[in-house]
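Predicted, not measured: the structure shown is a model, and the values here were computed from it.
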Amino acid sequence: MFHVKHPFEEFDVIVVGGGHAGVEAALAAARLRKKTAFVTLSLKSVARMSCNPSIGGLAKGHLVRELDALGGEMGRAIDRTGIQFKMLNRSKGRAVWSPRAQADKRRYAEYMQQTLLHAANLHIIEGEGTRLIFSQASVRGIYLKDGRLVPGKTVILTNGTFLNGLIHIGPVQISAGRYGERPSVGLSDQLKAEGFVVKRLKTGTPSRVTYRSIDFSRMSPQYGDPNPEPFSYTTISFHPKDIPCYLTYTHEQTHEIMRSALHRSPLYTGDIQGTGPRYCPSIEDKIVRFHEKPSHPLFLEPEWEGSEQWYINGFSSSLPIDIQFKALRTVPGLEKAEFIKPGYAIEYDYFPSYQLRHSLETKDISGLYFAGQINGTSGYEEAAVQGFMAAVNACRALDGQDPIIFSRSEAYIGVLIDDLITKETDEPYRMFTSLAEYRLILRADNADHRLYRASDKIGIQSQQMIRRFKNSVQERDYIKHFFKTTSCPKGTPWGLSALRSERYDQLIKKHILRQEHLPDIHRKLFPEVQSHSLDQAFIEILYEGYIHRQEQMVKKMSLLEEKQIPEHFNYDTVKSLSNEGREKLKRYRPETLGQAGRIRGVSPSDIQILLIYLT
């Protein structure tokens, strides 16, 4: 490598990578008034949706709402560029309701690119980062492939699938970070030489077909909600488009074609070494693992408004192109399908995240942070919140402040990061509501109430929004008090089925006063409050007993969460620890006893022994 005199003054924060983690990291650092460099291979590919054209979904929608409450950009971006919005799981309890939106992926990327271009304190640099600069176990900047040096006090790596990325389509292998884009080479090898553990993961994406070749009459249209809810708390007037997706199914003939070609799939020939996602497998993996199922659903999704290119959600594949084409043409509505782009698998380097602190700073290199798929996650939303939190904590470290670390009872962000740090990630990590033990407290609808204090502490969200969040909490508490102390006259429309005059909270718990009554109650009893505040009061009374039980559980666990373990604690001195427990504790180096208890292989008796020893 040749080096040239660097044309840049020292930056406070350098963000490497232009995916969803990188975008949120760069914006957060710049908005915290830090001189920020945003290094990306190409500005035109920044915030590109390389896989599904959507934001949100099960648990992922919770992450976006939390990010928005803290001052992130993803919620605002999808509200302005979405083409269909739907609340998933409405037939189930409120804890698992999750917002999801189809995106106009072109407009979404353009929105984010323009936001970056107009951000104060942000310097955009097109180039490929190939080598970090270290000094005494601290990061000092990065060299670009063209020889330029970008000096900096902190570096956030958000390289996604680009680190030594390798695309597989049947026997064909292509070095790439995404289809048609070159990979990032050099950083993995350097970090491995520095002592970091580097492993491989695999993910994939489906074929894209032309709009004109799809027979939609053989499929079922899937529309969004008639009265959709926005993602962002800043969105006031919300009247998005409702462009339908379409549902169809594979069948036995489809499966037989793919079964006959499994010997040509890199998944089964051994060409792919990385582990794929368990909950979003390739179609050839589905027909093997779920061989008893006669069909699998496929969702046809437009990639932008008026798109000629349609995404086949559920048909991710690394099979040879001829097999993908032949199998796809057996699906109802796709008998004349025309390929624009084949499906493919991509294998890439990642760093098992037990090598990180909960701040997302690496344990061994000061000032170096990892965020996104480099930590073993999958999904735009998981990446975005990691990028945001890495930038917030990098900025706080520069100011001599403690990091912002959310507990598992405060935010899905806390669940995500804690899972990464304390659990072995040997497959792409995907967020689910089932991973949150306090999910009734961590609803998507109350992210503002849960996080407004932390948001104020971070300092990105506007003071106007912080006041609005705080006022909503006060209004909620006032309404709850009213419901618990005021009797509802029997003759009111929402109390007609009551046998006698009863308090409002009693009617709610008996399901006499229901969700559909809230607009009328809002108009007649609380015309001055936010409708959101009334909704929160209603939900908290409806689930009061369950919420109380979860809050009691949080208090019990807080004793372990607060018990700190010294950073360089010598576990070898505690002879009564189990061998597996000692090995895992030395590898993960947990910061608290609560974190230690969540490490697979550390037994309850190991925790009791540690508690006694530390006390």
Legend entry - CG-CD1 distance between L63 and I413, expressed to the nearest 0.5 angstrom: 6.5 Å

Inset, instruction - Considering only NZ, NE, NH1 and NH2 on the basic side and carboxylate oxygens on the acidic side, decide whether K423 and D418 come within less than 4.0 Å. - result: no

Legend entry - Residues E567 and R589 bridged, charged N to O under 4.0 Å: no

Inset, instruction - May I ask you to check whether D349 and N164 show a side-chain donor-acceptor distance below 3.5 Å? - result: yes

Inset, instruction - Enumerate the residue pairs fulfilling salt bridge (Lys or Arg N to Asp or Glu O under 4.0 Å) with a member in residues 48-73, sequence neighbours excluded, ordered by first and then second residue. - result: R31-E73, R48-E181, K60-E381, K60-E382, R65-E229, E66-R450, E73-R76

Inset, instruction - State plainly whether the residues K556 and E551 are in salt-bridge range, i.e. N to O under 4.0 Å. - result: no

Legend entry - Member of H449, E475, Q474 meeting the side chain to side chain donor-acceptor pair (under 3.5 Å) criterion with S533: E475

Legend entry - Cationic N near anionic O, under 4.0 Å, K480 to E540: yes

Inset, instruction - Please check if the distance between the ring centroids of F538 and Y543 is under 6.0 Å. - result: no

Legend entry - Ring-ring centroid check Y348 Y350, cutoff 6.0 Å: no

Inset, instruction - Could you tell me whether the side chain of D12 reaches within less than 4.5 Å of the side chain of N121, counting heavy atoms only? - result: no

Legend entry - Any residue meeting side chain to side chain donor-acceptor pair (under 3.5 Å) with Q550, in chain and number order, not counting sequence neighbours: none

Legend entry - K34: partners by salt bridge (Lys or Arg N to Asp or Glu O under 4.0 Å), with sequence neighbours left out: D399

